[in-house]
2 protein chains.
Amino acid sequence: MSTPRLRDVAERAGVSIRTVSNVVNGYARVSEERRARVEAAVAELGYQPNLMARNLRRGRTGLIALVVPELDVPYFAELTRAIITKARQQGYTVVVDQTDGEPDREREIVMGGAMAAMFDGVILSPLALSQTDLARRDNSRPLVLLGERIAESPYDHVAIDNVAAARAATEHLFDIGRSRVAAIGDQPWEGGETAQLRTAGFRLAHEARRRRLDESLIVTNRRFHHADGAEAMAALLDHPKGPPDAVFCYNDLLALGAIRTLLSRGVRVPEDVAVVGFDDIETGRYNTPSLTTVSPDKSTIAWLAIDRLIARLGERADDEPTELWAPYELAIRESTAG
Amino acid sequence: MSTPRLRDVAERAGVSIRTVSNVVNGYARVSEERRARVEAAVAELGYQPNLMARNLRRGRTGLIALVVPELDVPYFAELTRAIITKARQQGYTVVVDQTDGEPDREREIVMGGAMAAMFDGVILSPLALSQTDLARRDNSRPLVLLGERIAESPYDHVAIDNVAAARAATEHLFDIGRSRVAAIGDQPWEGGETAQLRTAGFRLAHEARRRRLDESLIVTNRRFHHADGAEAMAALLDHPKGPPDAVFCYNDLLALGAIRTLLSRGVRVPEDVAVVGFDDIETGRYNTPSLTTVSPDKSTIAWLAIDRLIARLGERADDEPTELWAPYELAIRESTAG
DNA sequence: CTGAAAGCGCTTACAG
DNA sequence: CTGAAAGCGCTTACAG
């Protein structure tokens, strides 16, 4: 026999489908005797509600889309894990969509493509979408942004204070006696706003400590993978005015790539060049030397994002957008010890 | 105005909803003139088909569930990325579900919990589900298994040859002149079948090369994270008969953890102890020393799994289950060089 | 090629 | 507390 429907259960239990629905959903008060009959029928038939029908009726699916650039970048993997966990605790299922940073894919889910209707809400870590795109968005479905890349928007967003974190990381390098500090990962173009904030913090640290900043020590990168950090570091080692004695990398992959280049060229870390990363991915803790890094509280980020999104699912959409700040700390390890 | 329906488009274009449906889905041949009218109406109203209604009617969703133990284990992250990409090329969307290896979560999706009905098919990398569980499964929805853990089952599965790969890795260690080779990651219990296959390969290599195998060099691990490899290596260094001169780790995280322990205890890699991993995750290539590892062709695994699943969505479910083998290679790097 | 209509399986106002 | 019935928006046999 094919999958049983509400009607089949109702017939078997000798009640109306309304009563079965009430029992299954735990809605209204149902007499004890009828409830028992319905539950028996449900068990006997192995009834499972048809979610597609329920979704159509209710107008929602219980699905949340999480849109991230690259799942195999450990920071996103770790954050995704946290979000999936929190969402499930709230009864929502997360659909992970990886965009590879392609604008069209981000738009498909976020701006309201065909797929968009399947999701009650969206959490987006924007890479390609511009402020202009988002301003044009039909705001009928809740959207929570991760990161402070797009500061001015009609949406909630969850972030850490990138300027302060970058400044703290840089000042730490001054604190351990370094004077010629490079930065790897600046992105002075649209879409690179997060990197720009970190560069701002890097500059602020120089000002606060009254250090001269050699602009040629700020290296620009399209992507934030190991290979990019390795290349950038190689270029810095060949700097005409000599290599830096410390490097602040805008994520841990860049930092690990940079360390690889340093060690393979016989440069000691941290004795000759100290290295700080950003994200606090698991692997950095087991690298040799272990990696000093800015550690955003991913669990809090996940919690704030899910919590805010779910709140929006209940509220009017025109409430004030909120900025939610998650804490971070500087995890000091071997790559800057000494 | 609220979201337009098929009927609204039909009214505006002056045709029946049937014709609109045909145009939207590109089904039947529609006269050029009517098609133009419909397309204009669709554009003017900004019509988007309601996927929940379509799903209910069609009885499928275009969603595939990918069930993995841990998303932030790089191997799964990289594989997930590959599967998402392949699925999208075929017009399917992947819902990633992370189970943390909890049997109940695996069952919820795989065995047919409420959520299961949302997915046309499932790709499962089993960790907790036993052969008995799977034998009991209602086979109405296609399921493709990843890995050869559950060899005897009525399901398709995609895997590499773990025995051969482990044997090749171990023989490579003999080839570079090592004689006392340890293994980290055995799991001699139900659910640890993949690890057991690797141990079998490890043993085979010893037999093939007529080497004596010291059973106490096979270390057992519940989990496969950095910390587990670090601990296991520490124990091996304190081995009563002296440390090994090479280690075969059952994944790259174990290997990186082991290398961390070796280096921090002043043991040189590979001079004193050579290390081989398994999975070929990105970070291993940038570690110092870079990691020799068994490199499964993740892209092929993804392709085979998606391809098989989609084939099943068309076929009768009682066709013979297929075993699909993906290639692998041994990527030789610094951790065994010399 | 096109239209009028049934029905996918559920939820929920409307009566009682 | 319960039942009979409408309707969510679509797809698709059935006629023409």
Residue pairs involving residues 83-105 of chain B (criterion salt bridge (charged side-chain N to carboxylate O under 4.0 Å, His left out); sequence neighbours excluded): A:Arg81-B:Asp100, A:Arg88-B:Asp97, A:Asp97-B:Arg88, B:Asp100-B:Arg105, B:Glu102-B:Arg105, B:Asp104-B:Arg107
Salt bridge (charged side-chain N to carboxylate O under 4.0 Å, His left out) involving A:Arg58 - partner list, sequence neighbours excluded: none
Positive for side-chain contact (heavy atoms from CB on, under 4.5 Å) with B:Leu143, one of B:Leu124, B:Ile123, B:Val67, B:Leu309: B:Leu124
Salt bridge (charged side-chain N to carboxylate O under 4.0 Å, His left out) contacts touching residues 302-311 of chain B (sequence neighbours left out): B:Asp156-B:Arg308, B:Arg308-B:Glu315
D:dC8 to D:dA4 separation - P atoms, rounded to the nearest Å: 22 Å
Set of side chain to side chain contact (heavy atoms under 4.5 Å, CB included) partners for A:Asn50, sequence neighbours left out: A:Met52, A:Ala53, B:Leu56
Base-contact (B) and sugar-phosphate-only (S) positions in nucleotides 9-16 of chain D, heavy-atom cut-off under 4.0 Å, - elsewhere: BBBBBB--
With B:Glu39 via salt bridge (charged side-chain N to carboxylate O under 4.0 Å, His left out) - residues at least two apart: none
Euclidean distance for P, C:dA6 against C:dT2 (whole angstrom): 23 Å
Sequence neighbours excluded, every pair satisfying side-chain hydrogen bond (donor to acceptor under 3.5 Å, both in side chains) that has a member inside residues 118-129 of chain B: B:Thr61-B:Asp120
Below 4.0 Å: OP1/OP2 of C:dC8 and any side-chain N or O of B:Arg60: no
Dot-bracket encoding per residue of DNA chain D, Watson-Crick/G-U cut-off under 3.5 Å, | denoting interstrand: |||.||||||||.|||
A:Glu32: partners by side-chain hydrogen bond (donor to acceptor under 3.5 Å, both in side chains), with sequence neighbours left out: none
